[in-house]
Amino acid sequence: MIDNKYNPSEIEEKWYKEWENNKIFSPSNEGNAYCIMIPPPNVTGTLHMGHAFQVTLMDVLCRYHRMLGDNTLWQAGTDHAGIATQMVVERKLTAQGISRTDLGREKFIDQVWDWKSQSGDIITKQLRRMGASLDWESERFTLDEGLSVAVNKVFIDLYEEGLIYKGKRLVNWDPVLQTALSDLEVISSEENGKIWEIKYYLDDESGNFLEIATTRPETILGDTAVAVNPDDDRFIKYIGKNVVVPVTGKIVPVISDDYVDMEFGTGCLKITPGHDFNDYELAKKHNLEIINIFDTSARVKCDTKEYNNLDRFAARKKILLELENSDQLLKISDHKMIIPRGDRSHSIIEPLMTDQWYVKIKPLAEEAIKCVKEKEIKFVPENWEKTYFEWMNNIQDWCISRQLWWGHRIPAWYDEEKNIYVGKNEKSVREKYDIKDDVLLTQDEDVLDTWFSSSLWPFSTLGWPNETERVKTFYPTSVLITGFDIIFFWVARMIMMGKKFVGEVPFKEIYVHGLVKDSSGNKMSKSKGNIIDPIDLIDGIGLEELINKRASDLMQPEMAEKIKKNTKKDYPGGIGAYGTDALRFTFASLASNGRDINFDLKRVEGYRNFCNKLWNAARFVKMQGQISIDQADTNNFQDEDIWIRNKLAILIEDTKNNYKNYRFDYAARSLYSFIWQDYCSWYIEIKKSKLNKKNITSLEKNLIIHNLREILKNILLLLHPIMPFITEEIYSDLFNEKEFLQDNKYPDSSKFSTSSDAENVNWMIEVVSAIRKTRSEIGVQPNKKIEIIVTGENDKDKLFFKNLSSLIMTLANIKNIRFGEDDQSNKFYSCVSNNLKLLIPSSDLIDVKSEIERLTKEKSKYTNQTIGIESRLSNSNFIKNAPGHIVVADEQKLKELKIQISKIEEQIKNFSN
RNA sequence: AGGCGCGUAGCUCAGUUGGUUAGAGCGCUACCUUGACAUGGUAGAGGUCGUUGGUUCGAUCCCAAUCGCGCCUACCA
């Protein structure tokens with residue numbers, strides 16, 4: 001006997017091990033290819049709600065496609081996350097008092113690999129807890145040898161084609177991490193700043209000056225011009241003259257450019273080309289000198305002793321003081337401005353002139369735009385195309401070098417004259433360029449942006465550049481499941497690289513899912529303290545531990561109290577252990593086409609209850625015992641069998657369509673209502689009533705059990721992709737201990753649909769519902785058996801009653817059904833179902849007044865509907881313009897309503913007499 | 001500034017080419033511990049679909065305007 005409560009923790013880990021040991025997640029090598037690439041998570045990261053959500057959807061699709069008989073590959077793997085990982089390891093070393101540079105490159109990288117091997121499988125373990133059916137056999141890591149070969153080849157090929165170049169340019173420099181960043185790794189947000197207005201004297205001893213406005217006075221040290229708008233009457237006379245830069249005393253020209261906004265600030269702008277992207281563009285245009293005033297840590301680097309080596313913020317203070325002393329500081333005002341920060345270090349980005357490697361992106365982007373325009377790749381939902389085009393049309397060259405140690409080292413060598421040689425390795429470079437052994441070659445110190453290797457993920461994981469079977473079979477992959485936040489970082493770049501190097505798009509569809517937020521719509525973040533760990537929803541967590549998890553290691557420790565308070569309020573009893581299946585079903589049911597997903601714990605609880613419902617339905621079926629049945633009898637169906645089989649056929653088709661359209665929410669909902677309403681509330685109840693009949697034959701009994709089991713088995717098959725654990729457990733317990741659910745084919749609707757429509761079962765459901773409703777309205781306790789009298793029945797009703805009255809009696813808790821005329825006495829309550837009038841006798845004196853009220857209320861409900869339909873039907877334009885079937889349906893409905901109203905009126909009349 | 005999106009029941013969300021009485025879960029109310037399940041059963045209350053116009057026989061859906069909110073992109077010193 002199975003437990004009467006569903007307990008997920010007992011079954012989940014057991015089944016995952018079984019599946020993995022039996023290698024059932026590897027491609028079958030039979031059938032149509034179906035392939036999804038996991039967006040490789042950061043190897044040193046942990047699973048968050050976004051991952052859990054995404055993984056659920058991918059897993060549903062993969063499990064579903066395996067059951068369809070497809071040759072399914074869900075590619076597993078992680079990425080090396082250059083900056084993030086290096087940061088973590090450096091921080092650990094710092095805690096031990098060791099610096100990266102003390103250790104040296106090789107030893108440091110050894111440390112990172114050590115760290116990777118001890119922390120790297122945290123996330124893969126968590127993926128297993130989610131039930132993810134990834135093909136672990138072919139797990140890849142972006143720094144694997146094979147993937148590195150791909151990275152090198154792509155770099156070399158692009159270089160030789162002129163699509164990768166090295167250039168000295170202004171880049172986004174992270175002074176803390178000491179590396180360049182791409183545009184996408186810079187997060188700009190509004191912060192409070194100031195504008196300082198400063199006197200710049202002309203160098204003609206006239207005492208005249210220009211007032212310039214700046215938000216960064218420290219960059220005065222790098223000024224090489226002052227700019228005004230050519231149409232600005234105030235300054236026209238100064239154009240072409242020179243001014244003296246404060247502090248440095250440098251003489252610089254006043255130039256004119258219509259880039260300068262006359263309305264903003266003082267209308268007069270200082271130009272620091274070495275540390276501002278706009279100024280840099282102006283400098284190129286006007287041939288201005290470009291001075292670099294900062295070192296890589298953003299400390300001042302200049303000849304003036306008192307400023308040299310000063311941090312940029314200290315330099316600002318000092319300069320402002322000096323300006324004040326010389327009476328050149330005119331005005332200070334508060335100003336909201338956009339501050340760029342590194343997405344990892346959160347330090348303020350300093351534009352810095354450095355040598356970096358770039359990908360010339362326009363030619364690649366053009367191809368990538370084309371294949372989306374021509375629908376080689378389809379976005380779901382479609383409007384994400386717009387975001388994609390928007391970015392692709394304004395794309396800038398991609399800075400791919402990073403001044404890190406952890407990553408793919410750039411395959412470029414330099415001789416002593418700094419000539420560049422690009423090739424696989426030093427040996428091949430020497431051969432290729434015919435360089436003698438006595439010429440010293442040194443490799444570029446830098447590594448590539450992690451996203452460079454990620455952009456090759458869809459084919460490098462399959463063995464490319466080798467022409468492997470896997471590439472041939474699984475590329476292009478079927479669909480990419482991803483969040484919109486990495487459309488630019490990753491999706492667009494994969495398309496460019498895939499098109500360029502394999503010649504085909506990397507995936508045919510891109511399903512873009514929403515962001516998982518908390519139940520009130522806030523982004524989940526450590527600093528807000530509203531993070532939920534998916535594993536805690538599976539295993540449960542106590543309040544103390546949850547608070548501990550949320551309020552420790554905060555960037556702003558002062559938030560701890562508030563987080564503690566809110567957590568106590570939101571989860572007074574901690575979080576219950578809902579199990580993976582309930583969590584997965586929740587994610588599926590939330591996966592609609594909307595943009596954000598507000599995650600409400602209550603939903604998980606509801607679906608945990610759903611698991612319990614299924615569990616108990618299975619328990620009931622199991623309790624009916626084993627059966628042996630003659631094959632010849634298995635197609636012997638009762639009315640309710642036909643009824644439920646028709647519904648099952650519809651469910652199967654709906655589910656397939658919903659998966660095809662990525663409407664996981666619809667799929668989840670229709671499964672839920674079929675299982676709970678149709679199967680549990682009606683079908684099992686009907687069968688139960690039949691099983692309880694005294695004179696049941698063993699053949700009848702066996703047939704009932706057989707049919708109950710058959711529907712249940714199909715429920716398990718249909719539900720398996722979303723809830724793999726509970727379905728597997730029930731299947732093994734009730735049906736087959738030897739094989740897995742996945743070994744079965746997904747159900748075929750044609751096996752269940754019939755031409756007969758089971759009208760009588762629907763009729764019965766209406767009658768039972770009507771009686772239940774009235775019972776409840778007149779306050780009859782659910783456990784009290786009552787008698788009903790049927791009047792107004794036609795031939796069809798008679799026939800249905802003949803076959804179904806015993807069912808009605810059980811389901812509506814009736815002790816006796818009498819057929820007869822309404823004797824017009826007041827001792828009856830009545831209800832109407834279809835064209836029937838059902839009377840419920842009362843032994844007590846009926847409160848005539850309240851009964852008339854009840855009936856009148858019911859009548860007015862119907863009357864209101866009648867009025868609506870009648871007004872439509874009396875409108876000649878409606879008759880003329882509306883499609884025929886709408887008009888016919890209205891007419892039919894009106895007829896039915898009128899019958900029902902007349903029955904109620906009759907009863908009201910009886911009471912009134 | 002530009003782009004995208006959202007506003008439907010107390011809460012979290014559906015609503016598929018415009019068409020009967022706008023749905024689900026949770027919560028709420030009443031009654032029920034009947035042997036699959038109280039993580040349950042039966043029934044119920046609750047919505048002028050942000051606002052205002054327009055198109056239409058008919059609008060939650062299409063169009064325009066407006067209010068509120070969110071996200072992304074962007075060089076205003």
Side-chain angles (χ1 to χ4, degrees), chain A residues 2 4-6 188 195 212-216 227 259-261 263-272 276-281 335 337-338 383-384 386-387 390-391 394 484-485 487-488 515 517 519-521 523 576 578 582 586 589-590 592-603 605-624 661 663 665-666 669 672-673 680-681 684-685 688 769 772-777 779-784 812-813 861-862 864-865 868-869 872 875-883 885-887 889-890 892-894:
Chain A
I2 60 180
N4 74 341
K5 280 192 173 52
Y6 159 63
S188 298
I195 289 190
I212 64 93
T214 182
T215 54
R216 296 196 62 195
Y259 159 75
V260 181
D261 183 347
E263 310 293 318
F264 192 89
T266 58
C268 188
L269 174 63
K270 73 185 202 62
I271 306 295
T272 318
D276 184 288
F277 289 98
N278 300 311
D279 293 4
Y280 180 68
E281 290 306 314
H335 179 56
M337 53 195 285
I338 307 292
N383 55 291
W384 284 107
K386 289 183 189 165
T387 308
E390 183 69 19
W391 189 67
N394 297 306
F484 57 82
D485 46 339
I487 288 185
F488 307 143
L515 198 73
K517 299 176 160 187
S519 62
S520 21
K523 249 185 181 170
Y578 299 120
T586 308
S589 70
L590 291 173
S592 62
N593 272 344
R595 185 165 286 216
D596 294 334
I597 289 135
N598 291 3
F599 190 89
D600 187 354
L601 200 66
K602 287 287 182 190
R603 290 289 289 260
E605 192 179 326
Y607 294 127
R608 189 271 317 260
N609 296 351
F610 174 58
C611 290
N612 191 58
K613 187 75 184 176
L614 175 65
W615 183 258
N616 273 288
R619 182 164 175 262
F620 171 77
V621 172
K622 190 181 180 189
M623 281 164 64
Q624 306 314 311
N661 299 321
R663 288 308 300 259
D665 58 331
Y666 285 178
R669 202 188 329 172
Y672 184 96
S673 81
C680 292
S681 294
I684 288 185
E685 291 306 319
K688 199 191 280 176
S769 300
R772 282 174 177 172
K773 187 179 163 209
T774 309
R775 283 179 63 118
S776 168
E777 275 174 2
V780 178
Q781 295 197 327
N783 56 355
K784 192 178 167 193
N813 207 17
K861 201 174 94 190
Y862 291 132
N864 284 339
Q865 289 175 41
I869 297 174
R872 258 201 306 278
N875 183 337
S876 62
N877 280 325
F878 175 67
I879 305 288
K880 202 168 66 194
N881 294 321
H885 70 274
I886 298 290
V887 179
D890 263 358
Q892 181 62 31
K893 181 71 194 173
L894 185 64

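In the text below, chain A, chain B and the rest are named by the order of the sequence lines, each starting its count at 1. What you are looking at is a predicted structure, and each value in this text was computed from that prediction instead of being measured. Hydrogens, waters and symmetry mates are skipped; everything else that's a heavy atom, side chains included, is used.
Partners of A:Glu777 by side chain to side chain contact (heavy atoms under 4.5 Å, CB included), not counting sequence neighbours, listed by chain and number: A:Lys773, A:Arg854, A:Glu858. By the salt bridge (charged side-chain N to carboxylate O under 4.0 Å, His left out) test, A:Asp600 is found to be paired with no residue, residues two or more places apart in sequence or in another chain being considered. In this structure A:Arg216 satisfies the salt bridge (charged side-chain N to carboxylate O under 4.0 Å, His left out) test together with A:Glu218, A:Glu350, sequence neighbours excluded. Residues satisfying the side chain to side chain contact (heavy atoms under 4.5 Å, CB included) test with A:Gln892, not counting sequence neighbours, are A:Lys895, A:Glu896. With sequence neighbours excluded, no residue forms a salt bridge (charged side-chain N to carboxylate O under 4.0 Å, His left out) with A:Arg669. Residues passing the salt bridge (charged side-chain N to carboxylate O under 4.0 Å, His left out) test with A:Asp276, sequence neighbours excluded: none. Here A:Lys688 pairs with A:Glu685 under the side-chain hydrogen bond (donor to acceptor under 3.5 Å, both in side chains) rule; sequence neighbours left out. The ring pair (Phe, Tyr, Trp, His ring centres under 6.0 Å) check on A:Phe599 picks up A:Phe587, with sequence neighbours excluded.
Atom P of B:G68 sits at a distance of 15 Å from the matching atom of B:U51, rounded to the whole Å. Taking atom C1' on both nucleotides, B:C61 is separated from B:A77 by 47 Å, rounded to a whole Å. Comparing the same atom, C1', in B:A9 and in B:U60 gives a spacing of 14 Å after rounding to whole Å. For B:U39 and B:G44, the P atoms lie 23 Å apart once the distance is rounded to whole Å. Between B:C37 and B:C28, the two P atoms lie 24 Å apart (nearest whole Å). Taking the P atom of each, B:A22 and B:A65 are spaced 31 Å apart, rounded to whole Å. Here the separation of B:C13 from B:A74, taken at their P atoms, is 29 Å to the nearest Å. Here the separation of B:G15 from B:C62, taken at their P atoms, is 12 Å to the nearest Å.
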With sugar-phosphate taken as primed atoms, P, OP1 and OP2 and all else as base, the protein-contact string of nucleotides 8-13 of chain B at under 4.0 Å (heavy atoms; B, S, -) is ----BS

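Under a 3.5 Å cut-off, the side chain of A:Thr586 and the backbone N or O of A:Ala582 do form a donor-acceptor pair. Checked by atom type and distance alone, the side chain of A:Arg663 never pairs as donor or acceptor with a backbone atom of A:Ser592 at under 3.5 Å.
Distance CD1/A:Ile487 to CH2/A:Trp391: 10.5 Å, rounded to 0.5 Å.
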Return the polar atom pairs (N/O with N/O) between nucleotides 75-77 of chain B and the protein under 3.5 Å, or none.
residue: B:C75; atom: O4'; partner: A:Asn278; partner atom: OD1; Å: 3.2
residue: B:C75; atom: O4'; partner: A:Asn278; partner atom: ND2; Å: 3.4
residue: B:C75; atom: O2'; partner: A:Asn278; partner atom: ND2; Å: 2.7
residue: B:C75; atom: N1; partner: A:Asn278; partner atom: OD1; Å: 3.1
residue: B:C75; atom: O2; partner: A:Asn278; partner atom: OD1; Å: 3.3
residue: B:C76; atom: O2; partner: A:Asp261; partner atom: OD2; Å: 3.1
residue: B:C76; atom: N3; partner: A:Asp261; partner atom: OD2; Å: 3.0
residue: B:A77; atom: OP2; partner: A:His335; partner atom: NE2; Å: 3.3
residue: B:A77; atom: O3'; partner: A:Thr215; partner atom: OG1; Å: 3.3
residue: B:A77; atom: O2'; partner: A:Ala213; partner atom: O; Å: 2.8
residue: B:A77; atom: N6; partner: A:Asp261; partner atom: O; Å: 2.4
residue: B:A77; atom: N6; partner: A:Phe264; partner atom: O; Å: 3.1
residue: B:A77; atom: N1; partner: A:Asp261; partner atom: N; Å: 3.1

Between the protein and nucleotides 56-62 of chain B, which nitrogen or oxygen pairs are less than 3.5 angstrom apart?
residue: B:C57; atom: OP1; partner: A:Asn881; partner atom: ND2; Å: 3.3
residue: B:C57; atom: O2'; partner: A:Asn875; partner atom: ND2; Å: 3.0

Could you run down the sub-3.5 Å N/O contacts of the protein with nucleotides 37-47 of chain B?
residue: B:C37; atom: O4'; partner: A:Asn616; partner atom: OD1; Å: 2.8
residue: B:C37; atom: O4'; partner: A:Asn616; partner atom: ND2; Å: 3.3
residue: B:C37; atom: O2'; partner: A:Asn612; partner atom: ND2; Å: 3.0
residue: B:C37; atom: O2; partner: A:Lys613; partner atom: NZ; Å: 3.1
residue: B:C37; atom: N3; partner: A:Lys613; partner atom: NZ; Å: 3.0
residue: B:U39; atom: O4'; partner: A:Asn609; partner atom: OD1; Å: 2.9
residue: B:U39; atom: O2'; partner: A:Asn612; partner atom: ND2; Å: 2.7
residue: B:U39; atom: O2; partner: A:Arg608; partner atom: NE; Å: 3.2
residue: B:G40; atom: OP1; partner: A:Asn609; partner atom: ND2; Å: 3.2
residue: B:G40; atom: O3'; partner: A:Lys613; partner atom: NZ; Å: 3.2
residue: B:G41; atom: OP1; partner: A:Lys613; partner atom: NZ; Å: 3.0
residue: B:G41; atom: OP1; partner: A:Trp676; partner atom: NE1; Å: 2.6
residue: B:A43; atom: O2'; partner: A:Ser776; partner atom: OG; Å: 2.9

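In this structure, A:Asn394 atom CG and B:U73 atom P are separated by 13 Å, rounded to whole Å. The distance from atom CD of A:Glu390 to atom C1' of B:G5 is 14 Å, rounded to the nearest whole Å. Between the CG atom of A:Leu894 and the P atom of B:U21 there is a distance of 12 Å, rounded to whole Å. With rounding to whole Å, A:Phe484 atom CZ is found 13 Å from B:C6 atom P. As a whole-Å value, the separation of A:Leu515 CG from B:G5 P is 17 Å. Rounding to whole angstrom units, CD1 of residue A:Ile684 and P of B:G35 are separated by 16 Å. Atom CG of A:Asn661 and atom C1' of B:U17 are 14 Å apart (whole Å).
Nucleotide B:G27 has no partner under the Watson-Crick or G-U criteria, as no pair reaches both atom distances under 3.5 Å. In this structure, B:U73 forms a base pair with B:A1, meeting either the Watson-Crick or the G-U wobble geometry with both donor-acceptor distances under 3.5 Å. Pairing for B:G7 is with B:C67, a Watson-Crick or G-U wobble pair whose two hydrogen-bonding atom distances lie under 3.5 Å. Both distances falling under 3.5 Å, in either a Watson-Crick or a G-U wobble arrangement, occur for no nucleotide opposite B:A36. Shown here, B:A59 forms no base pair; nothing in the strands shown gives a Watson-Crick or G-U wobble contact with both key distances under 3.5 Å.
Here the nucleotide nearest the side chain of A:Tyr666, chosen from B:A36, B:G15, B:U21, is B:G15.
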Determine, step by step, whether A:Tyr578 and A:Tyr607 satisfy the ring-ring contact (aromatic ring centres under 6.0 Å, His included) criterion, reporting the C-alpha distance in whole Å, the side-chain angles of both residues, the deciding distance to 0.1 Å, and the verdict. CA-CA 8 Å; A:Tyr578 299 120; A:Tyr607 294 127; over 10 Å; no

Kindly indicate, with the supporting measurements, whether the criterion side chain to side chain contact (heavy atoms under 4.5 Å, CB included) is fulfilled by A:Tyr6 and A:Leu614. CA-CA 9 Å; A:Tyr6 159 63; A:Leu614 175 65; over 6 Å; no

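Side-chain nitrogen and oxygen atoms of A:Lys523 include at least one within less than 4.0 Å of the OP1 or OP2 phosphate oxygen of B:C72. For the OP1/OP2 pair of B:C32 and a distance below 4.0 Å, the side-chain nitrogens and oxygens of A:Gln781 include at least one atom meeting the criterion.
Of the two residues near RNA chain B, A:His885 and A:Lys517, the one whose nearest nucleotide lies more 5' is A:His885.
Within the nucleic acid shown, A:Arg663 comes within 4.0 Å of sugar-phosphate atoms alone, with no base atom in reach, counting heavy atoms only.
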